[in-house]
Amino acid sequence: LQGNAALAPEQSTSYEISSKNTTRFNSGAALLNNLSVAYMEVDDRISLVLTQLTPFQTYQYQNIDKYKMWNISTSHQFAYENWSAKVGLAYVGISQKMDLGAENSISDDSYLYSLQVNTNLSYNVPKWNTLFSIYYKYNGKQQQYMASSNSENQSEFILSELESYGWMDASIRKSFFNTKLEVTAGARNLLD
């Protein structure tokens, strides 16, 4: 990881619109729905840029000349008695334009898209003041432009790709002393 003393400050504009709805049923169950759309544009965004893949990955803080991101996301949570289940989806598009200052060293500013899914299932045992939870998150394939050098040692950008992956976490949270103290124990990345 390399620092960079020549970074310029970021300037940004963002917009978000969202809609939330809660439906309560006679049985005591509740359904919470959320839909949101967001757009953000940043000049001189400070970001970690992958500058080398081999023999080991090297990152450096650099300014992204023009960064644009939009996403649409939705989440739905169902709660009934001691059970709660939630699912969320997000579709994200990111465009980044960088200029390394050399000939042919301007990155492509096309939007690159990825899908993210997250779920959560929990059960509360009031008698024990204990909450059992399991989480799963899926990150779809992600692409990004990486600064590199070609065979003539000229700066250029190449498209790199991170394969999709997911992870599952589980936890148990126990409250003590009238909820003045909470202890959580759990495990991460259960599916390796």
Side-chain angles (χ1 to χ4, degrees), residues 1 10-42 45-48 50 57 59 64 67-96 110-144 160-192:
L1 179 63
E10 297 179 347
Q11 294 189 8
S12 67
T13 303
S14 62
Y15 305 93
E16 182 176 350
I17 186 167
S18 66
S19 173
K20 296 179 181 180
N21 181 47
T22 301
T23 305
R24 301 201 184 279
F25 301 94
N26 291 337
S27 64
L31 179 63
L32 291 81
N33 298 296
N34 184 23
L35 174 67
S36 67
V37 177
Y39 176 78
M40 179 172 57
E41 207 171 285
V42 183
R45 178 184 167 103
I46 298 171
S47 185
L48 277 175
L50 182 61
Q57 291 183 348
Y59 291 86
I64 309 293
Y67 175 92
K68 298 178 194 173
M69 184 275 305
W70 74 268
N71 76 52
I72 183 167
S73 63
T74 182
S75 66
H76 309 277
Q77 182 173 357
F78 180 76
Y80 179 67
E81 294 182 355
N82 297 327
W83 288 94
S84 178
K86 184 175 182 178
V87 64
L89 300 166
Y91 190 64
V92 181
I94 295 176
S95 166
Q96 299 183 89
S110 300
Y111 277 91
L112 303 175
Y113 297 95
S114 66
L115 174 69
Q116 299 170 356
V117 180
N118 60 65
T119 60
N120 175 1
L121 179 64
S122 61
Y123 182 72
N124 184 32
V125 183
K127 181 179 175 180
W128 300 345
N129 291 326
T130 304
L131 181 69
F132 296 89
S133 299
I134 192 161
Y135 307 89
Y136 180 77
K137 182 166 185 178
Y138 169 82
N139 289 299
K141 178 178 71 172
Q142 298 175 26
Q143 296 175 310
Q144 67 179 2
S160 65
E161 193 171 282
L162 180 62
E163 290 299 320
S164 61
Y165 63 96
W167 68 79
M168 182 180 286
D169 300 340
S171 68
I172 300 170
R173 186 178 73 204
K174 170 85 171 128
S175 297
F176 298 95
F177 310 113
N178 285 335
T179 68
K180 290 185 172 73
L181 174 67
E182 288 185 349
V183 175
T184 302
R188 295 192 177 269
N189 196 15
L190 295 173
L191 303 177
D192 195 23

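All residue numbers in this chain count up from 1 along the given sequence.
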Novice: Considering all heavy atoms of both residues, which atom of Ser19 and which atom of Asn34 are nearest to each other, and what is their separation?
Specialist: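 So the minimum-distance heavy-atom pair works out to O-OD1, 3.0 Å.
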Novice: Go through it in stages, so that I can follow the logic: the residues are Leu121 and Trp83, the test is side-chain contact (heavy atoms from CB on, under 4.5 Å), and I'd like the CA-CA distance, side-chain angles, deciding distance and then a yes or no.
Specialist: CA-CA 8 Å; Leu121 179 64; Trp83 288 94; 4.0 Å; yes
Novice: What distance do Ser122 atom OG and Ile134 atom CD1 have between them, rounded to the nearest 0.5 Å?
Specialist: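 Here the rounded value is 11.0 Å.
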Novice: Let me confirm one number: the NZ-CD distance from Lys68 to Glu41, rounded to the nearest 0.5 Å.
Specialist: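 Lys68 atom NZ to Glu41 atom CD measures 5.5 Å (nearest 0.5 Å).
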Novice: Checking Asp169 side chain against Asn189 main chain: does a donor-acceptor pair fall under 3.5 Å?
Specialist: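 Here the side-chain-to-backbone pair exists.
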Novice: Of the non-hydrogen atoms in Ser114 and Lys141, which two are nearest, and what is the gap between them?
Specialist: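 Of all heavy-atom pairs spanning Ser114 and Lys141, the closest is CB-O, 3.6 Å.
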Novice: For Tyr138 versus Ser164, what's the shortest heavy-atom pair and its separation?
Specialist: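 Where Tyr138 meets Ser164 most closely, the heavy atoms are OH-CB, 3.3 Å.
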Novice: So does Asn21 have more than 12 non-hydrogen atoms from other groups sitting under 6.0 Å from CG?
Specialist: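 Yes, the 6.0 Å shell around CG holds more than 12 heavy atoms from other groups.
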Novice: Side chain of Lys137, backbone of Gln116: donor and acceptor closer than 3.5 Å?
Specialist: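 It does not hold such a pair.
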Novice: Looking at every non-hydrogen atom in both residues, tell me the closest pair between Gly93 and Tyr113 and how far apart they are.
Specialist: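 Answer, listing the atom of Gly93 first, then Tyr113: CA-CD2, 3.5 Å.
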Novice: Dump the intermediate steps for side-chain contact (heavy atoms from CB on, under 4.5 Å) on Ile94 and Tyr67, then the final yes or no.
Specialist: CA-CA 7 Å; Ile94 295 176; Tyr67 175 92; 3.5 Å; yes
Novice: Spell out, as yes or no, whether a donor-acceptor pair under 3.5 Å connects the side chain of Ser47 to the backbone of Arg45.
Specialist: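 Not a single qualifying donor-acceptor pair exists.
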Novice: Could you measure the distance from the OG atom of Ser171 to the CZ atom of Phe132? Nearest 0.5 Å is fine.
Specialist: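 Reported value, rounded in 0.5 Å steps: 10.0 Å.
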Novice: Using every non-hydrogen atom in the two residues, find where Tyr80 and Ala29 come nearest and quote the distance to one decimal.
Specialist: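 Shortest heavy-atom separation between Tyr80 and Ala29 comes out as CD1-CB, 3.5 Å.
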Novice: Are there more than 12 heavy atoms of other residues, nucleotides or ligands under 6.0 Å from atom CZ of Phe177?
Specialist: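 Check fails, neighbour count at 12 or below.
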Novice: So, do Val117 and Tyr136 sit near enough that their side-chain heavy atoms are less than 4.5 Å apart?
Specialist: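 Counting from C-beta outward, Val117 and Tyr136 never come under 4.5 Å.
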Novice: Just checking Ile17: does its CD1 atom have more than 12 heavy atoms from other residues, nucleotides or ligands closer to it than 6.0 angstrom?
Specialist: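 Count not over threshold, so no.
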Novice: State, with a plain yes or no, whether a side-chain heavy atom of Val125 is found less than 4.5 Å away from one of Asn82.
Specialist: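 Sidechains of Asn82 and Val125: no contact.
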Novice: Between the main-chain N or O of Ile46 and the side-chain N or O of Glu10, is there a donor-acceptor pair closer than 3.5 Å?
Specialist: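 Flag set: sc Glu10 to bb Ile46 pair under 3.5 Å.
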Novice: Check whether any side-chain heavy atom of Leu35 lies under 4.5 Å from a side-chain heavy atom of Ile72, and answer yes or no.
Specialist: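 Yes, at least one pair of side-chain atoms sits under 4.5 Å.
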Novice: How far does CG of Leu131 sit from NZ of Lys174, to the nearest 0.5 angstrom?
Specialist: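 NZ of Lys174 is found 12.0 Å from CG of Leu131.
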Novice: What pair of heavy atoms forms the shortest contact from Ala187 to Leu190, and how long is it?
Specialist: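 Looks like CB-CD2, 3.5 Å.
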Novice: With a 4.5 Å cut-off on side-chain heavy atoms, are Ser36 and Glu16 touching?
Specialist: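 Yes, side chains in contact.
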Novice: Once you round to the nearest 0.5 Å, how far does CZ of Phe78 lie from CG of Asn33?
Specialist: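 One finds 11.5 Å between CZ of Phe78 and CG of Asn33.
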Novice: Can you list the steps and then say if Met69 with Val92 is a side-chain contact (heavy atoms from CB on, under 4.5 Å)?
Specialist: CA-CA 7 Å; Met69 184 275 305; Val92 181; 4.0 Å; yes
Novice: To the nearest 0.5 Å, what is the distance between CH2 on Trp70 and OH on Tyr91?
Specialist: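 Result: 6.5 Å between the selected atoms.
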